[in-house]
Amino acid sequence: MNTPRAVKGMNDILPHEVGRWHRLEREFRKTVESYGFGEIRTPLVEPTELFTRSIGEATDIVEKEMYTFADKGEKSLTLRPEGTASCARAYLEHTIHAREAVTRWYYMGPMYRRERPAKGRYRQFHQAGCEVYGDHGPFVDAEVIDMVVSFLERVGVKDIRVLVNSLGGPETRARYRTALLDYLAPQREKLSADSQRRLETNPLRILDSKAPEDQAIAEGAPSILDFLSEEDRKHFDLLVGTLESLGTPFEIERRLVRGLDYYSRTLFEIQGRGGELGAQNALAGGGRYDAMIEELGGPSIPAFGFALGIERLLLAMSEEAPATEDRVVILAANDRARTEATVLARALRLADHRVETDLRPTASLKSQLRRADRSGARLVLILGEDELARGVVQWKRLDADKKGEVSRDALLGQLRALLDD
RNA sequence: GUGACUGUAGCUCAGUAGGUAGAGCACUGGAUUGUGGCUCCGGUUGUCGCGGGUUCGAGUCCCGUCAGUCACCCCA
């Protein structure tokens, strides 16, 4: 009772469930590539400093969720907790900005955050995301938000809410922060314990607190949208206008803040309600981070991006009925037939068919057939003593009441027809 | 990091007032003299998470521990 187990919060994805992952990944690629995004693959491990500088020292991710270790006692490395920082690093490292004015990248893969696991939240989880560099919006912002919505519709996620807000630039955020503190300070005692702590660390996050005692207070708080500078305001209005022209369903949520330090101006989050989704209902989130590239030591280049959580999407997606597959199973009645089955199977596979055999030396035809049927295969080829002697194969369609015989020589040529008929 | 709940066959679970384990599914053989999906009959599988305690006796009670799940924090 002491066999090794997977690390807490890190899950295997078994063959019977990987089909849904493939479908999601395929649709994501298809969608974003049609918008001109190209894939980038970056290492899973990065210098720790990359994340502390881009995500922000005071964020939960950096403060307590990173898998950080010393590489042979020297450099501090960490498992990437998100994809944006790595992309920004690669963008600078390869001086992409010198090559093209606008860059559209997408990525997908595992991310690592050492949190307590819950439904829809794991220590190794998967994100797919996009980054746009060199365009300060707001039209790209709208286009990309609309792209995410289209993608979700395409993969059958229903019942979503698209929340949009603006955090303005650094100076409006500073002015708003002061105003918010002025409003909250007198009511300090009425706030939840968590929020009293947030007063010091990140007062903006009190706005989207789930604690009931905080909600009423947050309700009456000043809105950041009233503090937007003229430029910020114009940006936001154009974003909203473009989304309306696109017909994207969205809501302005002035209390949307999100936990990463690097955001400026546009911010959005897509929440799901349907399916098996638990309390973690944020399917996708992103926004604009115009200062990040510069903070990493690069030129001043605006950026916009988002990430979506694959595991959560899978929970929110409706379950589709598995169709019978274009798959062939060869059954063998005895040892000689089993040998013949391997030979025949190879020939069919060389012709690009998906072929399975049940080669267990003791399996009865009955159990072979039962297994083939339950596996969802479409066609069964039976090699019995009689058939072997006569050089024929008996075929049987599992999804219809059809069967017949075909000679071994003619089989390859007719297989396609047998499957499609 | 905090809290709640749960840990019995591969899976889902039952287990009565403490008397040393059961069902369904799955797998497998047969009824069907080679031929699935329905039905019937038979068969295989368990250190009852782990350690300790109470007791003549513990899956069942107590303590501890580990693991899982869900929620909070936060986020995808």
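Side chains are part of it too, since the values below use all heavy atoms of this structure and drop only hydrogens, waters and symmetry mates. Below, chains carry the letters A, B, ... as their sequence lines are ordered, and counting in each starts from 1.
The side-chain contact (heavy atoms from CB on, under 4.5 Å) check on A:K403 picks up A:Q394, A:K396, with sequence neighbours excluded. A:S264 pairs by the side-chain hydrogen bond (donor to acceptor under 3.5 Å, both in side chains) definition with nothing, not counting sequence neighbours. Residues passing the ring-ring contact (aromatic ring centres under 6.0 Å, His included) test with A:Y35: none are found, sequence neighbours excluded. Residues passing the ring-ring contact (aromatic ring centres under 6.0 Å, His included) test with A:Y262 are A:Y289, sequence neighbours excluded. Residues passing the salt bridge (charged side-chain N to carboxylate O under 4.0 Å, His left out) test with A:R53, sequence neighbours excluded: A:E49.
Within 4.0 Å of A:E387, counting heavy atoms only, lies at least one base atom of the nucleic acid. A:R205 comes within 4.0 angstrom of the backbone, heavy atoms only, and of no base. Across all strands shown, A:G129 has no heavy atoms under 4.0 Å from either base or sugar-phosphate atoms. The residue A:G285 sits close only to the backbone: its heavy atoms come under 4.0 Å of sugar-phosphate atoms, none of a base. Residue A:Q394 is in base contact, counting any heavy-atom pair closer than 4.0 Å across all strands shown. Heavy atoms of A:L283 sit under 4.0 angstrom from primed sugar atoms or phosphate atoms, though from no base atom. If you check every strand for non-hydrogen atoms under 4.0 Å, A:K403 touches nothing. Using a 4.0 Å heavy-atom criterion, one finds that A:L383 contacts the bases of the nucleic acid, with or without backbone contacts as well.
Between the CZ atom of A:R338 and the P atom of B:G34 there is a distance of 16 Å, given to the nearest Å. Here the P atom of nucleotide B:G68 and the CE atom of A:M10 are 12 Å apart, to the nearest Å. Atom P of nucleotide B:C70 and atom NZ of A:K119 are separated by 5 Å, given to the nearest angstrom. Residue A:Y112 contributes atom OH, which lies 20 Å from atom C1' of B:C74 at whole-angstrom precision. Rounded to whole angstrom, the span from the CD atom of A:E115 across to the C1' atom of B:C70 amounts to 15 Å. Note: CG (A:L331) to C1' (B:G34) measures 11 Å, nearest angstrom. The interatomic distance linking A:W395 (CH2) with B:U35 (C1') rounds to 14 Å, in whole Å. Atom CG in A:D386 sits about 13 Å away from atom P in B:U35, given to the nearest Å.
In this structure, A:R255 and A:Q215 approach most closely via the heavy-atom pair NH2-O, 4.3 Å.
Checking the phosphate oxygens (OP1, OP2) of B:G68, a side-chain nitrogen or oxygen of A:K8 falls inside 4.0 Å.
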Show every donor-acceptor pair shorter than 3.5 Å between a side-chain atom in residues 36-46 of chain A and any protein atom, with sequence neighbours excluded, or say none if there are none.
{"from": "A:E39", "atom 1": "OE1", "to": "A:R29", "atom 2": "NE", "distance (Å)": "3.4"}
{"from": "A:E39", "atom 1": "OE1", "to": "A:R29", "atom 2": "NH2", "distance (Å)": "2.8"}
{"from": "A:E39", "atom 1": "OE2", "to": "A:R29", "atom 2": "NH2", "distance (Å)": "3.1"}
{"from": "A:E39", "atom 1": "OE2", "to": "A:R41", "atom 2": "NE", "distance (Å)": "2.9"}
{"from": "A:T42", "atom 1": "OG1", "to": "A:R80", "atom 2": "NH1", "distance (Å)": "3.4"}
{"from": "A:E46", "atom 1": "OE1", "to": "A:R89", "atom 2": "NH1", "distance (Å)": "2.9"}
{"from": "A:E46", "atom 1": "OE2", "to": "A:S86", "atom 2": "OG", "distance (Å)": "3.1"}
{"from": "A:E46", "atom 1": "OE2", "to": "A:R89", "atom 2": "NH1", "distance (Å)": "2.5"}

Donor-acceptor list for residues 142-149 of chain A side chains, cut-off 3.5 Å, not counting sequence neighbours:
{"from": "A:E143", "atom 1": "OE1", "to": "A:R104", "atom 2": "NH1", "distance (Å)": "3.2"}
{"from": "A:E143", "atom 1": "OE1", "to": "A:R104", "atom 2": "NH2", "distance (Å)": "2.8"}
{"from": "A:D146", "atom 1": "OD1", "to": "A:T248", "atom 2": "OG1", "distance (Å)": "2.7"}

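The C1' atoms of B:G52 and B:A23 are separated by 33 Å, rounded to the nearest whole Å. For the C1' atoms, the distance from B:C25 to B:G37 is 16 Å, rounded to whole Å. If you take atom C1' in B:A71 and the same atom in B:C27, they sit 38 Å apart, rounded to whole Å. With P as the reference atom, B:U39 and B:A26 are 10 Å apart, rounded to whole Å. Separating the C1' atom of B:G46 from that of B:U8 is a span of 8 Å, rounded to the nearest Å. Taking atom P in both B:U16 and B:U69, one finds a spacing of 27 Å when rounded to whole Å. Annotation: B:C61 and B:C48 have their C1' atoms spaced 16 Å apart (nearest Å). Comparing B:C66 with B:C13, their C1' atoms are spaced 23 Å from each other, to the whole Å.
Remark on RNA chain B: of its neighbouring residues A:G384 and A:D60, the 5'-side contact belongs to A:G384, judged by nearest-heavy-atom nucleotide. The residue among A:Q127 and A:L365 whose nearest nucleotide of RNA chain B is located toward the 5' end is A:L365.
In summary, A:D373 and A:R370 do not engage in a salt bridge, as defined by a charged side-chain N under 4.0 Å from a carboxylate O.
You'll find that the side chain of A:R116 is closest to B:C70, out of B:C74, B:G34, B:C70. Counting only heavy atoms from C-beta on, A:D373 has its side chain closest to B:G36 among B:G34, B:G36, B:G3. In this structure, of B:A71, B:U35, B:G36, it is B:A71 that holds the atom nearest to the side chain of A:A279. Side chain of A:I382, nearest nucleotide from B:C74, B:G34, B:G36: B:G34.
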statement: Note, RNA chain B 5' to 3' with Watson-Crick or G-U pairs under 3.5 Å encoded as ( ), [ ], | and . gives (((((((..((((........)))).(((((.......))))).....(((((.......))))))))))))....
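The residue from A:R354, A:R397, A:R416 that alone fulfils the salt bridge (charged side-chain N to carboxylate O under 4.0 Å, His left out) condition with A:D326 is A:R416.
Side-chain atoms of A:Y183 come within 3.5 Å of backbone N or O of A:I217 as a donor-acceptor pair. The closest donor-acceptor contact from the side chain of A:Q196 to the backbone of A:L191 lies under 3.5 Å.
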- prompt: Can you give one letter per nucleotide of nucleotides 23-30 of chain B, going 5' to 3': B for a protein heavy atom under 4.0 Å from the base, S for sugar-phosphate only, - for none?
  reply: ----SBS-
